[in-house]
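Everything on this sheet refers to the single structure shown next.
Just so it is clear, the structure is predicted and the values come from calculations on it, not from any experiment.
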Amino acid sequence: MNNDKKIFIAGHRGMVGSAIERRLTFSGFTNLLTATRDELDLTNQQSVADWMAANKPDVVIIAAAKVGGIHANNTYPAQFIYENLMIESHLIHEAYVQGCEQLILLGSSCIYPKFAKQPMSESELLQGSLEPTNEPYAVAKIAGIKLCESYNRQYGCDFRSLMPTNLYGPHDNYHPDNSHVIPAMLQRFHEAKLGGDASVTVWGTGTPKREFLYVDDLAAACEHLMRTEKDTLHQYVQPMQGHINVGTGQDVTIRELAETIKAVVGFEGELVFDTDKPDGTPRKLLDVSLIHSLGWQAETSLNQGLAKAYQWFLENDVRKK
């Protein structure tokens, strides 16, 4: 892929989109297209159609999404399913209408059943019931995969889907109610350290296992897939269907994660687990053998990534003062 291709990064201000923009800029791409929410409402079909017709990108990367943790998914299920369905539907359809050479949809490992075989291979999709706490979001992401597959099948498009595991890193969401587990813990341990607290409470039993991927590694995977030729890709993924997992292939318990974050932050108090709070899915580990076969592997260890994420938090969180 030539570095002068017009690449539209939808959601460039979010954690994933900003990482992709950093990566592609570093790699020498010179024609990146972005639009703020004020400039382009991705949930409005006409706005997306007009913007795509005016800018005619060669490649569309869908990093825009409504995302959040267990609390947010439980509290705003209608917003999660509606906004994500609209964003995906409008961008995928207009990429077809405008004849885009390629589209990459970024999803989530929550597309897999709650009790999927571990590690979860791509074939586990739609083989069981979803985790109820994030079902609306997961259904929207599954619909995005099927949209890409359907446009490939009917129109011969080159629309590709990447399903990353739990992400963290710079520009993460640190909202006190709507954040994911790593930013929530980083902030909680940091504030406890500053306040001299005796303990920090973590939701659940601490026994569920999770896999975490530093967001810049996902950006590298996105570039790798974007540069992968069709013929090479189709040696491993059927031309008319399929999505690709992106992760580290390693997981840790929530207790182990909390202990690691405690050490990174330098909090010296105790850990307390609130077992009245939900655990969510007992285990979520991706089978990443497919993307390894395509020549990509994660490079950032959990300790390295957490240290980088905490440093970014310290440099950017105004509440630290």
Side-chain angles (χ1 to χ4, degrees), residues 11-23 63-73 106-111 134 137 141 162-193 200 202-204 206 208-222 245-267 280-281 283-286 288 291 296-317 319-320:
H12 75 289
R13 285 187 170 178
M15 177 176 64
V16 174
S18 61
I20 293 171
E21 185 177 22
R22 285 195 305 273
R23 175 73 187 196
K66 172 102 176 146
V67 297
I70 292 175
H71 176 80
N73 275 274
L106 294 166
S108 168
S109 60
C110 73
I111 62 169
N134 60 16
Y137 176 77
K141 288 301 176 182
L162 280 180
M163 297 297 120
T165 190
N166 301 290
L167 300 168
Y168 69 99
H171 299 280
D172 211 337
N173 172 23
Y174 283 90
H175 189 282
D177 295 324
N178 299 338
S179 59
H180 285 110
V181 61
I182 283 182
M185 280 192 187
L186 279 173
Q187 180 164 275
R188 204 175 305 157
F189 278 104
H190 175 74
E191 292 176 350
K193 175 185 173 182
V200 166
V202 177
W203 276 27
K209 303 189 78 173
R210 293 290 183 271
E211 176 185 18
F212 298 98
L213 180 69
Y214 189 60
V215 70
D216 287 68
D217 282 355
L218 172 61
C222 187
N245 291 338
V246 187
T248 63
Q250 300 176 340
D251 57 4
V252 296
T253 66
I254 294 299
R255 178 181 289 275
E256 290 169 334
L257 174 67
E259 290 171 346
T260 304
I261 292 177
K262 175 184 172 182
V264 166
V265 173
F267 175 69
T281 305
R283 192 183 191 197
K284 283 177 64 177
L285 177 64
L286 291 181
V288 291
I291 197 165
W296 178 89
Q297 293 189 35
E299 296 181 353
T300 308
S301 71
L302 184 60
N303 281 341
Q304 292 170 333
L306 288 173
K308 291 179 181 180
Y310 185 51
Q311 185 60 38
W312 184 90
F313 171 81
L314 292 175
E315 293 172 354
N316 292 274
D317 184 15
R319 286 172 295 177
K320 71 180 183 295

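- Checked against a 6.0 Å centroid threshold, the rings of F313 and H190 count as neighbours.
- Closest approach of C110 to N134, counting heavy atoms only: CB-ND2, 3.4 Å.
- G305 and T300 get closest at one heavy-atom pair: N-CG2, 3.6 Å.
- Using modelled atom types, one side-chain atom of T165 and one backbone atom of E211 make a donor-acceptor pair closer than 3.5 Å.
- Nearest heavy-atom pair, P170 versus Y214, reported as atom, atom and distance to 0.1 Å: CD-OH, 3.4 Å.
- Every residue two or more places apart in sequence or in another chain was checked for a ring-ring contact (aromatic ring centres under 6.0 Å, His included) with Y137, and none qualifies.
- Interatomic distance, CD of Q187 versus OH of Y174, reported as 8.0 Å (0.5 Å rounding).
- K209 meets the side chain to side chain contact (heavy atoms under 4.5 Å, CB included) test with D251, T253, R283; sequence neighbours excluded.
- When every heavy atom of A192 is checked against every heavy atom of F267, the shortest pair comes out as CB-CE1, 3.6 Å.
- Without hydrogens or angle criteria, K193 side chain to V265 main chain gives a donor-acceptor distance under 3.5 Å.
- Of all heavy-atom pairs between G247 and V288, the closest is N-CG1, 3.4 Å.
- Between M15 atom CE and D216 atom CG the span is 10.0 Å, to the nearest 0.5 Å.
- Here the straight-line distance linking atom OG of S109 with atom CG of L213 works out to 10.0 Å at 0.5 Å rounding.
- Once rounded to the nearest 0.5 Å, the distance linking CD of E315 with OH of Y310 reads 11.5 Å.
- Interatomic distance, CH2 of W203 versus CE of M185, reported as 11.5 Å (0.5 Å rounding).
- Listed for the E299 side chain is no donor-acceptor partner under 3.5 Å among the backbone atoms of D217.
- M163 pairs with exactly one of L106, I291, N245 by the side-chain contact (heavy atoms from CB on, under 4.5 Å) rule, that one being N245.
- Closest non-hydrogen pair, G107 versus P164, comes out as O-CD, 3.3 Å.
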Original post:
After noting the C-alpha distance and the side-chain angles of V246 and L286, does the key distance pass the side chain to side chain contact (heavy atoms under 4.5 Å, CB included) rule?
Top reply: CA-CA 8 Å; V246 187; L286 291 181; 5.8 Å; no
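- Considering only heavy atoms from C-beta on, N173 stays 4.5 Å or farther from H180 through its side chain.
- Here L186 contributes atom CG and E191 contributes atom CD; the two are 11.0 Å apart, rounded to the nearest 0.5 Å.
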Original post:
Can you check side chain to side chain contact (heavy atoms under 4.5 Å, CB included) on R210 and V181, steps first, answer last?
Top reply: CA-CA 10 Å; R210 293 290 183 271; V181 61; 5.8 Å; no
Subject >> Criterion side chain to side chain contact (heavy atoms under 4.5 Å, CB included) on L257 and F212, from CA distance to verdict >> reply: CA-CA 10 Å; L257 174 67; F212 298 98; 3.5 Å; yes
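- Using a distance-only test at 3.5 Å, with no hydrogens or angles considered, a donor-acceptor pair links the side chain of Q304 to the main chain of S301.
- In this structure, the side chain to side chain contact (heavy atoms under 4.5 Å, CB included) partners of S18, at least two apart in sequence or on a different chain, are R22, H171.
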**OP:** List the steps and the verdict of side chain to side chain contact (heavy atoms under 4.5 Å, CB included) for T260 and V252.
**Re:** CA-CA 10 Å; T260 304; V252 296; over 6 Å; no
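- Using modelled atom types, no side-chain atom of D172 and backbone atom of Y168 make a donor-acceptor pair closer than 3.5 Å.
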